[in-house]
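Structure first, then comments.
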Amino acid sequence: MSNQVAVFRKESFNAAHRLFNPAWDEATNAKVFGKCALPNYHGHNYELVVKVTGVPDPETGYVMDMKELSDLVQELIVERFDHRNLNLDTVEFRNLNPTAENIAVVCWQLLRPRIPAVLDLQVRLYETPRNYVEYPA
Ligand code: NI
């Protein structure tokens, strides 16, 4: 039996985006992305669930201090993206289509260097209560 334990922390941010491939014309973007390609953007209440997996420390009993994990997500993700237009206001999505998939990968990349290397990291991003993605898959 594995002695690994997974801990989860959920944080949220609100942001606007538009799904758009600049290499395509408007008609193709509209066909592929539908209303998500409308030029004046739309918003989502994103929920990010961060999963950290490892062996609990024998002295603290913690895989990771949840306050520390919450502070990291606030600092690296929420401060950066909350109430922003992802396409216009962030360097991360200036040249990257801000799909839920890509936002999840970016969140993971921002967090990974700040989580101890012995711990596994996975993120789940809810774009709506019914649509969510996980990275790594
Ligand atoms: Ni959208």
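All ligand and atom numbering here is 1-based and tracks the order in the structure. Only heavy atoms go into these numbers, but all of them, side chains included; no hydrogens, no water, no symmetry mates.
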Handout entry: NZ/NE/NH1/NH2 to OD/OE distance under 4.0 Å, Lys51 and Glu134
Key =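 A salt bridge is absent here (no side-chain N lies under 4.0 Å from a carboxylate O).
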Handout entry: Gln74-Glu11 side chain donor-acceptor pair, cut-off 3.5 Å
Key =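 Side chains of Gln74 and Glu11: pair found under 3.5 Å.
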Exercise for the section: With the Ni ion (ligand 1) as the centre, enumerate protein N/O/S atoms below 2.8 Å in chain and residue order. Expected result: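 Per the 2.8 Å query on the Ni ion (ligand 1), atoms found are His17 NE2, His42 NE2, His44 NE2.
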Exercise for the section: Give a yes or no on whether the backbone of Asn97 and the side-chain of Asn102 come within a donor-acceptor separation of less than 3.5 Å. Expected result: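 Answer holds: yes.
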Exercise for the section: Could you tell me whether the side chain of Phe81 reaches within less than 4.5 Å of the side chain of Leu86, counting heavy atoms only? Expected result: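 Contact flag for Leu86/Phe81 side chains = yes.
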Practice task
Check ring pair (Phe, Tyr, Trp, His ring centres under 6.0 Å) between His42 and all other residues, then give those that pass, not counting sequence neighbours.
Solution key: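 With sequence neighbours excluded, His42 shows a ring pair (Phe, Tyr, Trp, His ring centres under 6.0 Å) to His17, His44, given in chain and number order.
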Problem - More than 12 heavy atoms of other groups within 6.0 Å of Asn95 CG - result: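 No.
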